[in-house]
There are 2 protein chains.
Amino acid sequence: MRPSLNHSKMKSELEVFREFLEQKGMRSTPEREAILTEVFAHHDHFDVEELIMRLRHQGLRISRASVYRTMPLLVESGLVQEVFFEDGHMHYEHIYGHEHHCHLRCLGCRKIIEFRNGAVEEVEKRIGQDQQFEITGHKLEIYGYCQACQEKKD
Amino acid sequence: MRPSLNHSKMKSELEVFREFLEQKGMRSTPEREAILTEVFAHHDHFDVEELIMRLRHQGLRISRASVYRTMPLLVESGLVQEVFFEDGHMHYEHIYGHEHHCHLRCLGCRKIIEFRNGAVEEVEKRIGQDQQFEITGHKLEIYGYCQACQEKKD
DNA sequence: GCTGTGATTGAGACTCGGTCTCATATATAC
DNA sequence: GTATATATGAGACCGAGTCTCAATCACAGC
């Protein structure tokens, strides 16, 4: 479902992550790389507890602390982004290798619909210029009711 | 700074809140109304702890539980919105009587710049039509570096 | 390849935002 | 005024995320 970019000339996420760590004077460790690999192994939104379960399921016993410590690194490196905060904890998705997209959230069934819309990026660019702001990213979240839930309401 | 609408023909926030509560079969209480009043007494973003301190400062001893219980009501009634989750807790602002605006967040100094841009709303409307979604609201948060922090980085 | 050392990990204690419980109080219907 | 269902307050509780510190490990320098 999620549109992918042409990967032929792209660095792998592992390369990107290693370079990011090196440039920060941090070390590449099996734990960090296993977390990265698992994050990119599925294409859905996830939260940290889910990720830990998936790692456990692989037979990898990486501590909760390490996973929590690694998440901000993945975000800072631009490989992953925070999507939304719900049910008391943050939800993430990997974004490296995917075109930027925004989220429609149904308040009825909690379904998330992803969509791409170039106009958003253009508006963003203009706003940055107006405000003399160097934009590094944005989060657009639209909420409401999906078609099915609109019908249920009636 | 924040653009206000023409209030001449508008219901007061208190009226809106009372109607909202009645329509939900809930009661209007002095605690709920004091919380509402305090929320509308200042024009900055706030978090629940701050709000509780402000209420205490007024000599009002409303329990944390009541304040936490009231916040979702204010949000659901459309008087208040969640702005962003930061430092481990949610931040709010009152929106009733103000034009819709979005937020630029500086990752350097954490400053928040509010701005209004009609193009965002138009894009949103179009997206809703495309996806057959009934849109009730949206949150656009752009992050990056303000002019001062850009200079500091060099 | 071995060594030294500073970064990293893991286990579990800890913090703190937010929720829940339940006895008491109170808003509203009659 | 009375009945009753809803709301409040105090504090216990929950759970996401952080911190501590001893043990381990990645990597630079030899």
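Residue numbers start from 1 in every chain, and the chains themselves are labelled A, B, ... in the order their sequence lines are given, proteins ahead of strands. Keep in mind the model is a prediction, meaning the values are calculated, not measured.
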* To do: Can you pull out how bent the helix from C/dG1-D/dC30 to C/dC30-D/dG1 is, comparing the axes over its first five and last five pairs, to 10°?
  => 40°
* Round to a whole Å and report the spacing from CG of A/D87 to P of D/dG15. => 13 Å
* Structure fact -> side-chain contact (heavy atoms from CB on, under 4.5 Å) filter on A/E19, not counting sequence neighbours, yields A/K11
* Sub-4.0 Å heavy-atom contacts from residues 14-30 of chain A onto DNA chain D, ordered by number -> A/R27, A/S28, A/P30
* Structure fact -> Expected list for residues 71-83 of chain B near DNA chain C, using heavy atoms below 4.0 Å, is none
* Could you tell me whether the side chain of A/V39 reaches within less than 4.5 Å of the side chain of A/V80, counting heavy atoms only? => yes
* To do: Mind checking side-chain contact (heavy atoms from CB on, under 4.5 Å) for B/L14 and listing every partner two or more places apart, or none if nothing turns up?
  => B/S12, B/R18, B/E33, B/L36
* **Worked verdict on A/D47 versus A/Y92 for side-chain contact (heavy atoms from CB on, under 4.5 Å)** => CA-CA 6 Å; A/D47 57 41; A/Y92 299 87; 5.6 Å; no
* Structure fact -> In numerical order, the residues of residues 62-70 of chain A whose heavy atoms come under 4.0 Å of DNA chain D are A/R64, A/A65, A/Y68, A/R69
* Asked: Other than A/V83, what residues sit in its cluster of Ile, Leu, Val, Met, Phe, Trp and Tyr side chains whose heavy atoms are under 4.5 Å apart, directly or through others?
  -> A/F84, A/I112
* Structure fact -> With sequence neighbours left out, the residues meeting side chain to side chain donor-acceptor pair (under 3.5 Å) with B/E76 are B/K24
* Asked: From the 5' end of DNA chain C to its 3' end, which nucleotides mark the outer limits of contact with chain B, defined by a 4.0 Å heavy-atom distance cut-off (strictly under)?
  -> C/dG17 to C/dT28
* To do: Could you please spell out the steps behind the side-chain contact (heavy atoms from CB on, under 4.5 Å) verdict for B/R32 and B/L21?
  => CA-CA 10 Å; B/R32 285 178 178 157; B/L21 289 172; 4.2 Å; yes
* Qualifying residues under side chain to side chain donor-acceptor pair (under 3.5 Å), relative to B/E50, sequence neighbours excluded -> none
* Establish, yes or no, whether a centroid distance under 6.0 Å links the rings of A/H43 and A/H94. => yes
* Let me know, please, whether B/E31 or B/F85 comes out on the 5' side of the other along DNA chain C by nearest nucleotide. => B/F85
* Asked: Between B/H45 and B/H103, is the ring centre distance below 6.0 Å?
  -> yes
* Salt bridge between B/R105 and B/E86, side-chain N to carboxylate O under 4.0 Å? -> yes
* To do: Provide, to the nearest angstrom, the distance between the CD atom belonging to A/E49 and the P atom belonging to D/dG15.
  => 11 Å
* **Donor-acceptor pair between B/R54 and B/H42 side chains, under 3.5 angstrom** => yes
* Should we say atom CZ of B/R56 is surrounded by more than 12 heavy atoms from elsewhere, each under 6.0 Å from it? -> yes
* Kindly write out the residues that satisfy side-chain contact (heavy atoms from CB on, under 4.5 Å) with B/R64, not counting sequence neighbours, or none if the list is empty. => B/E49, B/I52, B/Y68
* Structure fact -> A/A119 meets the side-chain contact (heavy atoms from CB on, under 4.5 Å) criterion, sequence neighbours left out, with A/N117, B/V123, B/R126
